[in-house]
Amino acid sequence: LLLRLLNLTSPAISVFVAFITSYAILLGICIFIIQYKAILIFRQPIHKKDLLELINASKNNIRYSTQMAVLDRLDRVFVLVFFPTSTFGVYSFMTGVVSFTRFIPESFSTLIVAKKLEGLESRIHFSSLLRKIAILGVTFFIGGISFTVTKFTFGTTHSLSIWIPLLFTFAELLRGTYISRVSYLVRHYSSKVPSHSSLLVLLIFMIINLVLCNWFGLITIPLALVFAYLIALKVYGILDIHNMNNDKNE
């Protein structure tokens, strides 16, 4: 807002500068907190052997993080390749409104990895019917907001139907479930399920889009996300917390 009030640059440049400045400020704050609270103390030199051991122990988690990062951007790549630029802009804005809710499952995942939510799964109980009603309600609520805000902003949604944000919202719910459950395995860094399952999600998503995108249009992209997460959750039994705990020493 400050950059736009100054009116010194174009909107695009203002957005990029704002992001860069925000990250720089955040990095500075983090460094200050780390030094002030002595969270990390580098008094001893880091030896090559220790560094290689750390990388080797973390390689499964590194692969998992990389694959998920690629997947989170890949849908926009497919939209840009297969559809007009105007569709890409509207799609990015519409799904961006939905993606804003990602901070909820990602914050839970961070707490899980940090072992701050021990026993949460056993303390929370929802009936199957209640879960389905909640998922349906959240899907229509967030998806409806995304569609309404996009239509208000652009005046139209072009060729994007209401099913696009609804399916994308459902895919985000599945993604949140997936990363939250996988975080229990990431906490036990020896497990290979996170990297294997995320690779499966990535491959299924790419194959479905490459084969069906020209036939079924834009709706293929959120549908591919839904199927990819559902298949991965089913194949690896990630929804079963007991199997996940047994896998930790794999």
Side-chain angles (χ1 to χ4, degrees), residues 10-12 15-16 19 64-106 131-180 182 197-235 238:
S10 66
V15 170
F16 282 119
F19 270 117
Y64 163 73
S65 300
T66 302
Q67 290 161 5
M68 290 302 295
V70 171
L71 181 64
D72 287 342
R73 300 291 179 269
L74 198 58
D75 62 323
R76 287 168 172 77
V77 174
F78 277 107
V79 175
L80 192 59
V81 170
F82 287 102
F83 301 96
T85 306
S86 58
T87 301
F88 171 77
V90 178
Y91 175 87
S92 297
F93 183 89
M94 182 181 289
T95 54
V97 175
V98 178
S99 299
F100 181 74
T101 58
R102 284 183 179 181
F103 76 90
I104 300 173
E106 289 178 355
R131 283 199 300 269
K132 291 176 181 178
I133 293 174
I135 289 172
L136 190 64
V138 171
T139 299
F140 277 93
F141 179 70
I142 301 297
I145 288 177
S146 173
F147 185 80
T148 302
V149 171
T150 303
K151 192 169 185 178
F152 175 80
T153 303
F154 290 90
T156 178
T157 56
H158 296 279
S159 58
L160 276 68
S161 69
I162 184 64
W163 289 106
I164 302 296
L166 291 179
L167 286 170
F168 192 83
T169 301
F170 184 54
E172 284 294 298
L173 289 173
L174 291 173
R175 177 186 179 276
T177 302
Y178 172 80
I179 65 170
S180 297
V182 165
S197 61
S198 59
L199 179 60
L200 178 64
V201 173
L202 186 60
L203 290 176
I204 293 173
F205 176 73
M206 292 178 64
I207 291 170
I208 291 177
N209 277 291
L210 289 173
V211 174
L212 301 177
C213 209
N214 284 327
W215 291 357
F216 295 99
L218 193 60
I219 200 170
T220 307
I221 293 174
L223 269 177
L225 283 172
V226 169
F227 280 116
Y229 282 120
L230 282 175
I231 293 172
L233 287 167
K234 186 65 175 177
V235 168
I238 297 173

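Numbers for residues simply follow the sequence, beginning at 1.
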* **Derivation and outcome, ring pair (Phe, Tyr, Trp, His ring centres under 6.0 Å), residues Tyr91 and Phe83** => CA-CA 10 Å; Tyr91 175 87; Phe83 301 96; 8.5 Å; no

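- The two residues Arg175 and Tyr229 make their nearest non-hydrogen contact at CG-OH, 3.4 Å.
- Atoms OG1 and CD1, on Thr220 and Ile208 in that order, are 9.0 Å from each other to the nearest 0.5 Å.
- Here OH of Tyr178 is found 4.5 Å from OG of Ser198. Values are rounded to the nearest 0.5 Å.
- Expressed to the nearest 0.5 Å, how far CD1 of Ile204 lies from CG of Leu199 amounts to 9.5 Å.
- Not a single donor-acceptor pair under 3.5 Å links the side chain of Ser146 to the backbone N or O of Ile142.
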* To do: Could you walk me through whether Glu172 and Thr95 pass the side-chain contact (heavy atoms from CB on, under 4.5 Å) test, one step at a time?
  => CA-CA 10 Å; Glu172 284 294 298; Thr95 54; over 6 Å; no

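- In this structure, Ser92 OG and Leu80 CG are separated by 8.0 Å, a value rounded to the nearest 0.5 Å.
- Here the CG-CD1 distance, from Leu212 to Ile207, works out to 11.0 Å after rounding to the nearest 0.5 Å.
- Residues Pro165 and Ser161 come closest through the heavy atom pair CD-O, 3.2 Å.
- Atom CH2 of Trp163 is separated from atom CD1 of Ile219 by 7.5 Å, given to the nearest 0.5 angstrom.
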* Step-by-step side-chain contact (heavy atoms from CB on, under 4.5 Å) determination, Leu71 to Leu225 -> CA-CA 9 Å; Leu71 181 64; Leu225 283 172; 4.3 Å; yes

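- Proximity of Ile164 to Phe147: side-chain heavy atoms (C-beta onward) are nowhere separated by under 4.5 Å.
- Taking every heavy atom of both residues into account, Ala224 and Asn209 meet most closely at CB-ND2, 3.4 Å.
- Contact of the Leu218 side chain with the Phe82 side chain is not registered, since no non-hydrogen atoms from C-beta on lie closer than 4.5 Å.
- The shortest distance between side-chain heavy atoms of Leu74 and Leu202 falls below 4.5 Å.
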* Asked: Can Asp75 and Phe205 be said to form a side-chain contact (heavy atoms from CB on, under 4.5 Å), step by step?
  -> CA-CA 9 Å; Asp75 62 323; Phe205 176 73; 3.8 Å; yes

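- The heavy-atom pair separating Thr150 from Val90 by the smallest distance is CG2-CG1, 3.6 Å.
- Contact of the Met68 side chain with the Val201 side chain is not registered, since no non-hydrogen atoms from C-beta on lie closer than 4.5 Å.
- Nearest heavy atoms, Gly143 versus Ile162: O-CD1, 4.5 Å.
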* **Val97/Phe168 under side-chain contact (heavy atoms from CB on, under 4.5 Å): CA gap, chis, key distance, verdict** => CA-CA 11 Å; Val97 175; Phe168 192 83; over 6 Å; no

